[in-house]
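Take a look at the structure below.
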Amino acid sequence: MPSPTPRPRHWLMKSEPDECSIDDALAAPGATVPWTGVRNYQARNFMRDAMRVGDGVLFYHSGCAQPGVAGIAEVASQACPDATQFDPASPYFDPASTQDSPRWLNVDVRALRKTRLLTLAEMRSHPELAQMQVLRKGNRLSIMPVTDEEWRFIVDGLLGD
DNA sequence: GCCAACGTTGGC
DNA sequence: GCCAACGTTGGC
């Protein structure tokens, strides 16, 4: 029998630093923030079906002048209904979602440390990272798995500085 | 179920 | 601000 693909244990999660930077996350109570506002089914399903507490997270700054990995974090909760979908004042309000059957979920993410910025350009320069999903043209997913090898390469590199 | 239109993402 | 890529919507 073919062995099933193991569950990813590491993730890359994008955040716009204007909204929540690694500094903001580290300054939050318990250095933990609810990862609300995900409105993409594939990203939601990663949180719902594959993430486990303790999984490693590359905290990635997107939609800014200097995109790249800005810190290391970990998954700190299971996926629960995202409260912002029920808040008409929120930009993430989803009038089609109901309390009985919430459409959107979020995990909590605990920031562990800020690192030097590993820029997209630098990531592209490393053959070891060439297969990373975040480097693919047209990539728009805000949450994606990172392989054990990619995780080790990046974390060792960042923490070795 | 197809597919065009539309909106959003995100790097540059 | 531009534009490529892609997800979603809605008419048919």
Completion exercise
Across all chains, not counting sequence neighbours, the ring pair (Phe, Tyr, Trp, His ring centres under 6.0 Å) partners of A:Tyr41 are A:Trp104
Problem - Within residues 45-69 of chain A or reaching into it, pairs that qualify as ring pair (Phe, Tyr, Trp, His ring centres under 6.0 Å) - sequence neighbours excluded - result: A:Trp11-A:Phe46, A:Trp35-A:Phe59, A:Phe59-A:His61
Could you pull out the protein-nucleic contacts involving nucleotides 8-11 of chain B (nitrogen or oxygen on both sides, under 3.5 Å)?
residue : atom : partner  : partner atom : Å
B:dT8   : O2   : A:Arg140 : NH1          : 3.3
B:dG10  : OP1  : A:Lys14  : NZ           : 2.9
B:dG10  : OP1  : A:Arg140 : O            : 3.1
B:dG11  : OP1  : A:Tyr60  : OH           : 2.9
B:dG11  : OP2  : A:Gly63  : N            : 3.2

Handout entry: Residues that A:Glu150 engages under salt bridge (charged side-chain N to carboxylate O under 4.0 Å, His left out), provided they are two or more places apart
Key = none
Completion exercise
Applying ring pair (Phe, Tyr, Trp, His ring centres under 6.0 Å) to A:Tyr92 and not counting sequence neighbours gives none
Fill in the blank from the handout: Those residues at least two apart in sequence (or on a different chain) that pass side-chain contact (heavy atoms from CB on, under 4.5 Å) with A:Glu16 are A:Glu19, A:Ser62
Exercise for the section: Could you check how far CE of A:Met123 sits from C1' of B:dC12, rounded to whole Å? Expected result: 17 Å
Problem - Distance in angstrom units between A:Gln42 CD and C:dA5 C1', rounded - result: 14 Å
